[in-house]
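Below you'll find the structure, written out as structure tokens, and then a few comments.
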Amino acid sequence: MFRGLLVALALVVPMLANAQSAEAPVVSFVEGKHYFRIEPALATESPGKVEVTEVFSYGCPACFRFEQVMERIRSELPENATLRLEPASFREDESWPLFQRAYLTARQLGIADRTHAAMFEAIWAGGPLKIVDRSTRRPIFPSIEQVADFYATQGADRSAFLDTATSSKMETRMMQGDHWVRSAGTDSTPTLVVNGKWRFTPRSAGGVEPTIALIKHLVAMEAAAD
């Protein structure tokens, strides 16, 4: 886990640093190199809009570092595009299914947007949901009750959160999410998917600025195809 964390940070941190000083490069994006076709295309949730999806996990250190880039993406998306988050669960040894359940529950309750950054902080900035004991470097596995306690501090009704999180409807939604993530060909986070048709990562795009440019390129391409 810790070796993977260091590798992920080593990849993302230099990209973030470069994003502070470098202007957006002129890139000729190539299908099969910078971005990849998803066949068959996946269903989206936003009719009339080009949907940009981030496949992420609260348990992913690279996603935590990448969140400041996602803030830029949110602010720079054109009006004909919308952003959606899909939590991945493929690291069962690191509480990813728990955090998938947490995000989807928060979304169902209508509080995901305003609690999103706070969840990352609660996990990675020494908060109540930390997943690593810094003194021993041993993993910590929060419970759904602890997650509910945290969301209660953010204004959620604790009982409603637990009822929603443990419902059969939530189990179905999680399975649907797992299927969507697998069908997209996602094997790492963060991964970006545009309109259910195109998949890429910040690494395949070539960095932070190319990632933002590629999103805009694919959004424009999809809008022109409609």
Side-chain angles (χ1 to χ4, degrees), residues 1-6 8-9 12 45 53-71 73-74 83-182 184 186-193:
M1 170 176 163
F2 301 104
R3 182 178 179 183
L5 185 153
L6 293 174
L9 294 183
V12 174
E45 298 181 2
T53 304
E54 181 197 14
V55 181
F56 83 105
S57 174
Y58 286 129
C60 164
C63 296
F64 172 51
R65 296 292 184 182
F66 194 67
E67 181 55 24
Q68 60 184 287
V69 182
M70 289 303 301
E71 288 296 328
I73 292 170
R74 288 184 184 93
L83 182 65
R84 183 176 76 85
L85 305 183
E86 185 65 53
S89 68
F90 45 71
R91 287 304 303 267
E92 295 184 8
D93 58 326
E94 296 182 5
S95 295
W96 286 34
L98 173 69
F99 295 138
Q100 177 195 37
R101 187 183 300 273
Y103 175 79
L104 293 174
T105 299
R107 184 179 176 190
Q108 179 67 30
L109 295 175
I111 60 173
D113 288 347
R114 68 177 176 82
T115 58
H116 187 59
M119 268 294 286
F120 271 124
E121 292 293 320
I123 294 163
W124 292 106
L129 299 178
K130 62 186 177 181
I131 57 176
V132 178
D133 185 322
R134 293 182 178 178
S135 63
T136 64
R137 296 191 176 184
R138 292 181 177 176
I140 299 173
F141 300 96
S143 66
I144 189 61
E145 288 78 16
Q146 288 173 302
V147 172
D149 288 341
F150 167 76
Y151 275 101
T153 69
Q154 304 297 307
D157 181 280
R158 186 179 187 277
S159 295
F161 186 93
L162 284 173
D163 288 346
T164 303
T166 57
S167 67
S168 59
K169 183 177 179 179
M170 184 54 59
E171 298 297 332
T172 299
R173 177 60 181 85
M174 290 172 68
M175 288 189 291
Q176 291 171 338
D178 289 341
H179 177 72
W180 197 94
V181 169
R182 287 194 304 270
T186 306
D187 61 5
S188 65
T189 52
T191 288
L192 287 306
V193 176

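Below, each value reflects all heavy atoms present in this structure, side chains not excepted, and no hydrogens, waters or symmetry copies.
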Distance check, rounded to the nearest 0.5 Å: L162 atom CG versus T105 atom OG1?
9.0 Å
Please determine if R74 and E67 form a salt bridge, counting it only when a charged side-chain N lies under 4.0 Å from a carboxylate O.
yes
Could you pull out the closest heavy-atom pair between P190 and A62, with the gap in Å?
CD-CB, 4.0 Å
The reported gap from OG1 in T164 to CZ in F161 (rounded to nearest 0.5 angstrom) is 8.0 Å
G59 and P61: which non-hydrogen atoms are nearest, and at how many Å?
O-CD, 3.5 Å
Shortest non-hydrogen contact between A148 and R158, atoms and distance
CB-CG, 3.9 Å
Atom of Q68, atom of R65 and distance for their closest heavy-atom approach:
CG-O, 3.5 Å
If you define the side chain from C-beta out and look only at heavy atoms, does anything of D178 sit under 4.5 Å from Q100?
yes
Go through Y58 and L129 one step at a time and tell me if the side chain to side chain contact (heavy atoms under 4.5 Å, CB included) criterion holds.
CA-CA 10 Å; Y58 286 129; L129 299 178; over 6 Å; no
Separation between CE of M70 and CD of E54, rounded to the nearest 0.5 Å:
4.0 Å
Would Y151 and L109 count as a side chain to side chain contact (heavy atoms under 4.5 Å, CB included) if you check the C-alpha gap in whole Å, the side-chain angles of each, and the deciding distance to 0.1 Å?
CA-CA 11 Å; Y151 275 101; L109 295 175; over 6 Å; no
N/O donor-acceptor pair under 3.5 Å between R101 side chain and A165 backbone:
yes
Pair D187-F90, side chain to side chain contact (heavy atoms under 4.5 Å, CB included): steps then yes or no:
CA-CA 9 Å; D187 61 5; F90 45 71; over 6 Å; no
Could you tell me whether the side chain of T115 and the main chain of A118 form a donor-acceptor pair under 3.5 Å?
no
Flag the pair F56 / F66 as yes when their ring centroid distance falls below 6.0 Å, and as no otherwise.
no
Checking the side chain of W96 only, and the main-chain atoms of P87 only, is there a donor and an acceptor separated by less than 3.5 Å?
no
Measure across E86 and T53 and return the closest heavy-atom pair with its distance rounded to 0.1 Å.
CB-CG2, 3.9 Å
D157 atom CG, over 12 foreign heavy atoms within 6.0 Å
yes
Report the distance from atom NE2 of H116 to atom CD of Q154, rounding to the nearest 0.5 Å.
13.0 Å
Please examine the side chains of C63 and F120, heavy atoms only from C-beta on, and report whether any two atoms are closer than 4.5 Å.
yes
Out of curiosity, I123 CD1 to I131 CD1, how far, rounded to the nearest 0.5 Å?
6.5 Å
Between CE of M175 and OG1 of T172, what distance do you get to the nearest 0.5 Å?
4.5 Å
Could you walk me through whether T189 and R91 pass side chain to side chain contact (heavy atoms under 4.5 Å, CB included), step by step?
CA-CA 11 Å; T189 52; R91 287 304 303 267; over 6 Å; no
Close side-chain approach of Q108 to K169, heavy-atom, < 4.5 Å
yes
Quick check: closest heavy atoms across D93 and F141, and the distance to 0.1 Å?
O-CE2, 3.1 Å
